[in-house]
> 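I am attaching a structure below and will ask some questions about it afterwards.
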Amino acid sequence: NGAVGFAADGEYNYGLDATQNGQEGVAVPDSQQSFSLPEQAHWVHFWGGESGGVGKSTCCRLMVHYLSEKLKREDFCAIDCDRTKPDVSNWYGGQLGERCITSLFSESEELSSEADAIIEKAMVQDAIVNLPAQAFDSFKEWARHNALADVVKELGIVPVMWFVSDGTPSSLALFADSMREFGSWMRHVWVRNYGREKSEVAWQALEQREAFMKLKPQKTPLLYASVEMEIAGVSNFDEAGVSGFFIMNVPAMYAPDRKIFEEEQKPLKIVAETMRSGKPLFSIRSRKFLEDVCTQFDIVMTRMGAKNEKF
């Protein structure tokens with residue numbers, strides 16, 4: 001389903017291939033933002049989307065699969081903050097053991113400190129956080145109460161908001177809210193969920209809306225030539241004083257296969273492997289799907305400077 005890209009500035013936009021899905025990423029207009037990576041950074045990846053049913057928990061589980069199975073990593077934790085449907089802990093709690101915990105966000109000041117476990121974990125290891133639906137206000141209050149923009153910088157934590165979209169205008173509006181509120185200090189990834197909206201024409205129409213185009217950056221002088229910028233990665237991207245959001249495409253899963261995964265509620269690889277003999281077509285399709293998703297993660301993580309030893 002295409003590629004992942006980013007915008008270097010208001011004039012030069014680069015995709016990673018020439019397919020229609022290789023739309024450029026976009027930066028929030030703030031010339032003061034800086035995303036320089038600490039020498040030894042831990043990353044905390046928030047999976048959100050605000051609206052229920054956009055596929056954020058599914059995509060969060062896909063990242064757990066990517067780290068566990070593709071990168072063979074055991075030095076990360078998963079934090080499930082969805083009280084009503086804790087899919088990540090249900091599916092991966094057994095495999096991750098103590099590295100999978102639950103937490104919560106609350107607009108109540110007395111309860112909001114429970115989410116502090118996220119930062120405490122991220123101080124010692126990388127973290128994947130599954131946010132609940134409609135968490136924007138409580139997340140915003142938690143971030144403000146903790147001066148999170150300053151805290152992550154001081155502690156050497158790199159926050160990323162993976163915003164899963166179902167291709168609707170309301171999803172775009174919520175993404176714009178997140179960019180405006182957190183975009184000056186938190187990387188963003190616009191995650192196109194093709195399982196919710198399969199039409200490339202629909203995605204293009206959405207991303208040509210004024211609300212999306214307004215998120216493009218103001219022109220900022222580059223310290224590197226534009227071609228160098230395209231291949232240099234996030235390090236040079238940061239030094240140029242330009243921040244951007246990235247785009248990831250999550251391919252659509254065959255509906256019958258998705259139903260099997262939902263019924264099994266086990267780690268994705270285990271389900272795909274154990275059904276090789278009983279459901280060979282399902283096994284082949286699902287393993288190919290997981291490979292495609294991992295390729296997308298490879299591209300985004302590399303672009304963010306996050307794929308090497310730490311992500």
Side-chain angles (χ1 to χ4, degrees), residues 33-49 56-57 59-68 71-83 86-89 92-93 95-106 111-132 135-136 138-164 178 181-189 191 234 238 243 245-246 248 297 300-301 303-311:
Q33 36 192 337
S34 173
F35 286 121
S36 299
L37 289 177
E39 216 172 294
Q40 292 183 328
H42 290 295
W43 294 67
V44 55
H45 291 268
F46 297 101
W47 282 88
K56 62 171 185 56
S57 294
C59 293
C60 186
R61 295 196 301 268
L62 289 170
M63 176 176 266
V64 175
H65 169 84
Y66 170 72
L67 296 177
S68 299
L71 300 187
K72 305 298 183 185
R73 288 190 50 183
E74 297 181 354
D75 58 343
F76 71 93
C77 67
I79 304 173
D80 202 332
C81 299
D82 195 331
R83 287 172 288 181
D87 286 344
V88 175
S89 58
Y92 281 95
Q95 177 175 312
L96 298 180
E98 293 182 354
R99 292 190 292 120
C100 184
I101 67 170
T102 57
S103 185
L104 64 87
F105 283 94
S106 173
L111 296 176
S112 64
S113 62
E114 291 198 28
D116 293 354
I118 295 170
I119 299 302
E120 292 164 3
K121 288 288 185 181
M123 288 172 63
V124 296
Q125 61 188 326
D126 301 324
I128 303 172
V129 182
N130 183 38
L131 295 174
F136 180 80
S138 54
F139 184 89
K140 178 173 67 175
E141 289 306 308
W142 173 71
R144 288 180 175 177
H145 287 155
N146 286 286
L148 201 60
D150 297 321
V151 167
V152 294
K153 185 175 182 179
E154 182 173 333
L155 296 178
I157 296 170
V158 183
V160 183
M161 177 64 73
W162 298 74
F163 194 97
V164 183
S178 184
E181 183 66 34
F182 311 117
S184 63
W185 55 273
M186 183 185 298
R187 287 172 169 81
H188 276 63
V189 183
V191 181
V234 173
D238 293 338
S243 65
F245 71 70
F246 300 80
M248 176 173 175
F297 272 121
V300 175
M301 303 301 247
R303 286 297 176 191
M304 283 197 292
K307 184 179 176 282
N308 298 329
E309 295 181 3
K310 294 282 183 186
F311 69 90

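When reading the values below, keep in mind they use all heavy atoms of this one structure, side chains included, and skip hydrogens, waters and symmetry mates.
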> Taking ring-ring contact (aromatic ring centres under 6.0 Å, His included) as the definition, give me every residue that meets it alongside Trp162, ordered by chain and number, with sequence neighbours left out.
His45, Trp47, Phe297
> Please report the interatomic distance CD(Gln95) to OG(Ser68), rounded to the nearest 0.5 Å.
5.0 Å
> I need the Phe46 CZ to His188 NE2 distance, nearest 0.5 Å.
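Rounded to the nearest 0.5 Å, the CZ-NE2 separation comes out at 10.5 Å.
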> In chain order, what residues pass the salt bridge (charged side-chain N to carboxylate O under 4.0 Å, His left out) check against Arg99, with sequence neighbours excluded?
none
> Measure the shortest side-chain to side-chain distance between Val152 and Met186 over non-hydrogen atoms and say whether it is less than 4.5 angstrom.
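Not touching, per the 4.5 Å side-chain cut-off.
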> With Ser89, which residues qualify under side-chain contact (heavy atoms from CB on, under 4.5 Å), at least two apart?
Asp80, Pro86, Cys100, Thr102
> Can you give me the closest heavy-atom contact between Ser57 and Asp87, atom names plus distance?
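Closest approach of Ser57 to Asp87, heavy atoms only: CB-OD2, 4.0 Å.
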> Answer whether the closest heavy-atom distance between the side chains of Asn146 and Ile119 falls below 4.5 Å.
no
> Identify the heavy atoms of Cys77 and Lys121 that sit nearest to each other, and give their distance.
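That closest heavy-atom pairing would be SG-CB, 3.8 Å.
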> Not counting sequence neighbours, which residues clear side-chain hydrogen bond (donor to acceptor under 3.5 Å, both in side chains) with Ser103? List them please.
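Testing Ser103 for side-chain hydrogen bond (donor to acceptor under 3.5 Å, both in side chains), a comparison that skips the adjacent residues, returns none.
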> Find the distance between SG (Cys59) and CD1 (Ile128) and round it off to the nearest 0.5 Å.
12.0 Å
> Could you list the residues that satisfy side-chain contact (heavy atoms from CB on, under 4.5 Å) with Glu154, not counting sequence neighbours?
none
> How about Phe182 and Phe139: are their ring centroids closer than 6.0 Å?
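Yes, ring centres under 6.0 Å apart.
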> Mind checking whether Val44 and Val129 have side chains closer than 4.5 Å, heavy atoms only?
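Yes - at least one pair of side-chain heavy atoms lies under 4.5 Å apart.
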> So Val88 and Asp82, do their side chains get closer than 4.5 Å, heavy atoms only?
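No. Closest side-chain heavy atoms not under 4.5 Å.
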> Find the distance between CG (Leu96) and CG (Leu67) and round it off to the nearest 0.5 Å.
9.5 Å
> How close do Ile157 and Pro159 get, heavy atom to heavy atom, and via which atoms?
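Ile157 and Pro159 have their closest heavy atoms at O-CD, 3.4 Å.
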> Can you list everything that forms a ring-ring contact (aromatic ring centres under 6.0 Å, His included) with Tyr92? Sequence neighbours excluded, please.
none
> Would you mind reporting whether Gln125 and Arg73 have side-chain heavy atoms less than 4.5 Å apart?
no
> Any idea which heavy atoms bring His42 and Ala122 closest together, and the distance?
CB-O, 3.0 Å
> Ignoring hydrogens, what is the shortest heavy-atom contact between Lys56 and Pro132? Give both atom names and the distance.
CE-C, 3.6 Å
> As an exercise, state the distance from CE of Met161 to CD of Glu181, rounded to the nearest 0.5 Å.
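Reported value, rounded in 0.5 Å steps: 10.5 Å.
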> To the nearest 0.5 Å, tell me how far Glu120 CD sits from Ile101 CD1.
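If I round to the nearest 0.5 Å, the distance is 8.5 Å.
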> Would you name the heavy atoms of Asp126 and Trp43 that are closest together and state the gap between them?
OD1-N, 2.7 Å
